[in-house]
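Input: a single structure, listed below in structure tokens.
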Amino acid sequence: MTPPDEIVLTLPDGSERRVPAGTTPLAVAASIGKRLAADAVGAELDGRPVDLRLPLARGGRFRIFTTKSPEAGEFVRHSAEHLLADAVRRLWPESEYDAGRQDHSEKFQYDFRFPRAFTPEDLERIEETMRAIAAEDAPFERVEVSRAEAETIFREKGFTLKLERLRDIPEGETITLFRHGGFVDLCRGPHVQRAGQVGAVKLLEASGVYFKGDERNERLQRIYGTAFVTAEQLEAYEQAAAEARARDHRRLGPELDLFSFNPLAPASPFFHPKGAAVYTRLIDYVRELNQKNGYGEVVTPQILDVELWHTSGHWDNYRENMFFTELDERQYAVKPMNCPTHCLIYKTAKRSYRDLPIRYADFGRLHRYERSGVTSGLTRVRSFAQDDAHVYCTDEQVEAEVLRAVGIILEIYRTFEFTDVAIGVGTRPQKRVGADEQWDVAEAALCRALDNNGLAYSLNEGDGAFYGPKIDFRVRDAIGRQWQLGTVQLDYQLPQRFDLEYVAADGAAHRPVMIHRAMLGSVERFFGILIEHTAGAFPLWLAPVQAAVLPLSERFLDYGLEVARRLRARGLRVEVDDSNEKLGYKIRRAQLAKVPYMLVVGEKERAAGTAAIRLRTGEDLGPLPVEGLAARLARQVELRGAALPAAGEIG
RNA sequence: GCCGGCAUAGCUCAGAGGUAGAGCAACCGCCUUGUAAGCGGUAGGUCCUCGGUUCGAAUCCGAGUGCCGGCUCCA
């Protein structure tokens with residue numbers, strides 16, 4: 001039995017420690033070891049970070065993080081945040097700080113009331129001051145205060161922003177302050193022990209923001225930064241950032257001649273032949289899956305009478321994002337989504353329950369007027385296509401249809417080697433339509449579809465669309481960034497708005513459920529993500545140029561053309577480098593274009609009917625018979641394999 | 001949409017109140033080439049657009065457009 005005033009902490013090694021309730025993590029650390037206590041930066045109770053100075057009210061799984069722990073960074077960045085605010089106040093005593101950041105997994109930030117934008121020179125000075133503050137090594141102190149005490153402190157400083165923040169804290173909640181040196185701020189923590197544990201800090205950028213993110217509020221100046229225990233970790237972070245920059249699809253796309261943008265059509269990509277080759281192959285792939293899964297592809301108009309958009313609800317809810325045009329005194333809108341047109345097709349016949357589910361797939365071009373400033377590369381555009389589909393089915397069919405969509409989605413992600421897939425279920429939001437009973441059924445159907453197939457997911461309360469709950473799929477790319485791709489959404493609204501019906505076995509009219517699903521999301525956006533995921537080195541089946549034939553000199557051009565012809569006969573996309581350059585130069589050029597296979601042909605190869613194969617990985621496979629190579633590559637394309645066949649697999 | 005920054009050759013960038021520069025790419029020629037840049041030459045600019053200041057503007061000022069980073073929003 002544990003006495004009521006004792007708590008039990010389970011340490012990482014499985015051992016248990018009984019300590020009086022109210023003991024701080026730091027005291028626990030000290031009882032374990034002097035060194036541990038000295039190096040501690042934070043603790044964790046049942047997976048939640050806790051401050052070292054927090055009196056523990058209950059027990060649980062308990063860990064101490066030290067400067068050596070990978071998790072130390074979060075504590076360090078949170079503390080660096082306070083150093084930032086401290087530094088700005090030291091440099092500009094008339095400034096006022098607002099609040100920091102919630103998520104310290106990578107960055108920290110603070111907002112300031114400041115009369116102008118911070119300049120790069122400002123950031124340098126602030127960074128230096130932060131280092132000086134860290135060198136002072138003042139201990140962080142945690143203080144619980146009454147509301148009145150907190151108010152007095154910030155009123156004396158003239159911090160009106162803080163006073164408002166204070167008012168936002170619900171009555172009865174503990175108000176904690178953190179101090180280091182002469183600095184104090186409202187903060188829940190957790191923080192490191194001493195300022196000196198902030199070993200390496202880098203300010204990244206500054207920008208203007210609104211107080212509490214609301215445009216009607218006062219404008220503040222935000223500074224972003226990151227921090228680590230050691231300079232080596234900071235350097236690793238900067239290297240990772242450089243890697244991300246090198247993979248930026250906005251750079252690689254034009255560089256690889258995949259697409260371009262033109263100011264005459266802002267945020268609307270122009271896909272060049274090479275980019276369109278990839279684009280259309282992505283669609284071909286989905287088209288194949290659609291066909292296998294019983295989705296019938298439809299083609300629907302681009303421009304429709306606004307009456308349709310009144311019916312669908314887009315006029316009321318989505319007008320700001322739509323393009324309009326008027327002709328013959330009739331108002332039209334360019335479609336931003338396919339669903340309403342599919343509803344019109346549904347209504348062209350009297351539907352029976354025997355017809356359901358009806359599945360319409362559509363790669364139609366969509367246009368959305370995105371506010372300037374939110375567009376970016378291929379990830380957020382005004383002209384795009386989705387691998388869209390809408391399923392009309394009965395309530396009983398929902399689960400199976402959801403599962404069908406989920407199955408295709410997971411298959412697609414495997415093909416692209418997105419191995420880390422996170423699934424989320426978005427439930428009823430505050431602002432919604434439909435009866436709660438209907439939401440109960442819909443949410444349960446989504447969860448059951450996932451549960452019954454052993455798929456783990458997180459519940460994102462209130463994250464559903466206003467017309468129905470949804471499943472979202474997020475994948476992690478090759479350098480660890482998460483992207484939201486696919487989505488499966490239940491919709492009870494549109495069938496009602498369009499008065500869709502089917503005749504059931506009982507002879508009565510019933511309303512079908514509609515399921516929206518996309519797997520790649522927008523093809524444009526997926527393309528962009530894929531470029532960054534692969535750094536532009538597409539798998540063979542997608543590569544715009546799959547093989548480059550490199551004749552050693554003009555004398556072997558004829559043979560090179562012959563080799564290309566034989567590969568093309570197998571459906572492969574091949575280019576022949578007929579330039580008057582040395583081999584090294586041709587290889588460099590093909591390499592920079594990320595062509596998967598380079599086929600060098602010279603005297604020996606011509607005599608033997610072979611080509612010397614070099615992969616873009618740099619691997620040299622030596623000479624291989626052309627015919628076997630062509631067959632093997634064609635097979636790999638057919639399989640949509642992610643990896644390039646290595647030596648021994650070809651020929 | 002809001003805040004800040006940027007805009008010079010196809011690309012990357014230098015310059016700066018007094019006739020516009022480099023490297024790479026392009027084009028021409030020489031070389032006939034063996035696994036990431038051979039050599040020489042030629043051409044290429046409304047210095048984003050419009051307006052203003054000035055004897056003179058790519059340069060200074062204003063407005064617009066586009067792009068970039070943030071905010072908000074989102075596939």
Side-chain angles (χ1 to χ4, degrees), chain A residues 107 109 111 114 116-120 204-224 245 248 250-251 254-255 257 260-267 318 320-321 336-337 366 368-388 465 470 472-473 483-487 489 516-529 548 550-557 577 579-593 598-605 612-616 618-623:
Chain A
K107 292 176 183 177
Q109 71 187 39
D111 297 348
F114 199 72
R116 58 176 173 82
F118 287 104
T119 65
L204 300 170
E205 63 203 344
S207 75
V209 295
Y210 294 102
F211 183 51
K212 294 183 186 171
D214 190 329
E215 287 187 21
R216 290 163 304 190
N217 284 344
E218 172 183 358
R219 168 153 293 279
L220 304 177
Q221 298 299 327
R222 176 172 296 175
I223 297 177
Y224 291 89
R245 274 197 299 280
D248 192 330
R250 293 169 304 185
R251 229 172 62 100
E255 217 168 275
D257 197 21
S260 61
F261 287 92
N262 189 292
L264 294 175
Y318 208 71
E320 291 70 33
N321 285 296
M337 297 183 194
L366 307 177
R368 297 185 185 173
Y369 181 78
E370 299 289 351
R371 301 155 93 198
S372 71
V374 306
T375 59
S376 173
L378 293 181
T379 44
R380 192 79 179 273
V381 293
R382 288 182 176 162
S383 166
F384 64 105
Q386 290 177 320
D387 59 336
D388 204 7
K470 64 177 181 184
D472 278 330
F473 295 81
W483 303 92
Q484 210 237 285
L485 296 180
T487 177
Q489 306 183 358
H516 306 244
R517 67 105 247 239
M519 298 161 311
L520 307 179
S522 103
V523 182
E524 276 71 5
R525 187 176 131 90
F526 187 83
F527 193 175
I529 293 166
L550 313 179
L552 198 56
S553 80
E554 278 166 16
R555 292 186 359 244
F556 310 106
L557 181 56
D577 189 340
S579 67
N580 186 11
E581 298 286 352
K582 290 193 195 303
L583 181 63
Y585 189 85
K586 292 180 179 181
I587 284 176
R588 174 182 163 79
R589 189 148 61 185
Q591 185 75 44
L592 291 176
M598 290 165 235
L599 280 54
V600 178
V601 292
E603 187 65 55
K604 290 179 300 219
E605 289 77 15
I613 312 303
R614 183 190 202 273
L615 302 185
R616 69 179 163 211
E619 196 181 348
D620 187 353
L621 303 189

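Since the model is a prediction, treat every value here as computed from it, not as a measurement. Scope of the values below: all heavy atoms of this structure, side chains included, with no hydrogens, waters or symmetry mates.
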Item to check | Inter-residue atom distance A:R250.CZ - A:T379.OG1, 0.5 Å rounding | outcome: 7.0 Å
Checklist entry - What is the distance from CE of A:M337 to P of B:C74, rounded to the nearest Å? => result 11 Å
Next on the checklist: Say we look at B:A25 and B:A37: how far apart would their P atoms be, to the nearest angstrom?
Outcome noted: 12 Å
Next on the checklist: With a 3.5 Å limit on both atom pairs, tell me what B:G51 is paired to, counting Watson-Crick and G-U wobble, or say none.
Outcome noted: B:C61
Checklist entry - Atom CG in A:D387, atom CG in A:L485: separation rounded to 0.5 Å? => result 9.5 Å
Checklist entry - When the distance from CZ of A:R251 to P of B:C68 is rounded to whole Å, what number comes out? => result 14 Å
Checklist entry - Rounded to whole angstrom units, what separation is found between the CZ atom of A:F211 and the C1' atom of B:G70? => result 18 Å
Checklist outcome for this item: Rounded to whole Å, the CG-P distance (A:D472 to B:C74) equals 12 Å
Next on the checklist: Looking at A:R614 and A:D620, is any side-chain nitrogen of the basic one under 4.0 Å from a carboxylate oxygen of the acidic one?
Outcome noted: no
Checklist entry - What integer number of Å spans the P atoms of B:C27 and B:G66? => result 34 Å
Checklist entry - Rounded to whole angstrom units, what separation is found between the CZ atom of A:F526 and the C1' atom of B:A75? => result 13 Å
Item to check | Nearest-Å distance once atom P is located in both B:G15 and B:U72 | outcome: 36 Å
Item to check | Whichever of A:L520 and A:S553 has its nearest RNA chain B nucleotide further upstream toward 5' | outcome: A:S553
Next on the checklist: Taking the C1' atom in each of B:A9 and B:G5, what is the distance between them to the nearest angstrom?
Outcome noted: 24 Å
Next on the checklist: Within the 4.0 Å heavy-atom criterion, would you say A:A267 contacts the bases, only the backbone, or no part of the nucleic acid?
Outcome noted: sugar-phosphate
Next on the checklist: Taking B:U49 as the reference, what is the distance to B:A43 when you measure between their C1' atoms (whole Å, please)?
Outcome noted: 27 Å
Distances under 3.5 Å only, N/O to N/O: pair up the protein atoms with those of nucleotides 3-12 of chain B.
| unit_1 | atom_1 | unit_2 | atom_2 | d |
| --- | --- | --- | --- | --- |
| B:C3 | O4' | A:R219 | NE | 3.3 |
| B:C3 | O4' | A:R219 | NH1 | 3.1 |
| B:C3 | O4' | A:R219 | NH2 | 2.9 |

Next on the checklist: What's A:F384 touching, base or sugar-phosphate or nothing? Going by heavy atoms closer than 4.0 Å.
Outcome noted: base
Next on the checklist: Without decimals, in angstroms, what is the distance between A:Q109 CD and B:C71 P?
Outcome noted: 8 Å
Checklist entry - When you measure from the side chain of A:E370 to the backbone N and O of A:S372, does any donor-acceptor pair fall under 3.5 Å? => result no
Checklist entry - In whole Å, what separates the P atom of B:U8 from that of B:U46? => result 13 Å
Checklist outcome for this item: By nearest-nucleotide position on RNA chain B, the 5'-leaning member of A:L378 and A:S372 is A:S372
Checklist entry - Within this structure, what is the CZ-to-P distance between A:R371 and B:C73, rounded to whole angstrom? => result 9 Å
Next on the checklist: Check A:R555 with A:E603, please: is the shortest side-chain N to carboxylate O separation under 4.0 Å?
Outcome noted: yes
Checklist entry - Counting just side-chain N and O atoms, does A:R380 come under 4.0 Å of either OP1 or OP2 of B:A75? => result no
Checklist entry - So what does A:V381 hit on the nucleic acid, given a heavy-atom distance under 4.0 Å: a base, only sugar-phosphate, or nothing? => result base
Checklist entry - Base, sugar-phosphate, or nothing for A:E370, non-hydrogen atoms under 4.0 angstrom? => result base
Checklist entry - Distance from A:E605 atom CD to A:F556 atom CZ, nearest 0.5 Å? => result 8.5 Å
Checklist entry - Taking only residues two or more places apart in sequence or in another chain, which ones pass salt bridge (Lys or Arg N to Asp or Glu O under 4.0 Å) with A:R589? => result A:D577
Item to check | Residue-phosphate contact under 4.0 Å: A:R382 side-chain N/O, B:C74 OP1/OP2 | outcome: no
Next on the checklist: At under 4.0 Å between heavy atoms, how does the protein contact nucleotides 34-46 of chain B? Give one character per nucleotide, 5' to 3', with B, S or -.
Outcome noted: BBBBB--------
Checklist entry - Are the side chain of A:R368 and the backbone of A:N321 linked by a donor-acceptor contact shorter than 3.5 Å? => result no
Next on the checklist: Starting the side chain at C-beta, find the nucleotide from B:A75, B:G66, B:G70 nearest to A:P266.
Outcome noted: B:G66
Checklist entry - Applying a 3.5 Å limit to both distances, which nucleotide forms a Watson-Crick or G-U wobble pair with B:G29? => result B:C39
Next on the checklist: For a side-chain contact (heavy atoms from CB on, under 4.5 Å) check, start with the C-alpha distance between A:L552 and A:V601, then their side-chain angles and the critical distance, and finish with the verdict.
Outcome noted: CA-CA 6 Å; A:L552 198 56; A:V601 292; over 6 Å; no
Next on the checklist: Would you compute the distance between atom CZ of A:F114 and atom CG of A:L220 and round it to the nearest 0.5 angstrom?
Outcome noted: 12.5 Å
Next on the checklist: Could you measure the distance from the CZ atom of A:R525 to the CH2 atom of A:W483? Nearest 0.5 Å is fine.
Outcome noted: 6.5 Å
Next on the checklist: For the CG atom of A:L615 and the CD atom of A:Q591, what is their distance to the nearest 0.5 Å?
Outcome noted: 9.5 Å
Checklist entry - Counting only Watson-Crick or G-U wobble pairs whose two distances fall under 3.5 Å, which nucleotide matches B:G21? => result B:C13
Checklist entry - How would you label the contact of A:R368 with the nucleic acid (heavy atoms, under 4.0 Å): base, sugar-phosphate, or nothing? => result base
Next on the checklist: Taking the C1' atom in each of B:G21 and B:A58, what is the distance between them to the nearest angstrom?
Outcome noted: 13 Å
Checklist entry - Using atom C1' of each nucleotide, how far apart are B:G70 and B:C13 to the nearest Å? => result 26 Å
Checklist entry - Rounded to the Å, how far apart are A:R517 CZ and B:A75 P? => result 16 Å
Next on the checklist: At less than 4.0 Å, is any side-chain N or O atom of A:Y369 found next to OP1 or OP2 of B:G1? Yes or no.
Outcome noted: yes
Next on the checklist: Under 3.5 Å for both donor-acceptor distances, Watson-Crick or wobble: does B:C71 have a partner, and if so which one?
Outcome noted: B:G1
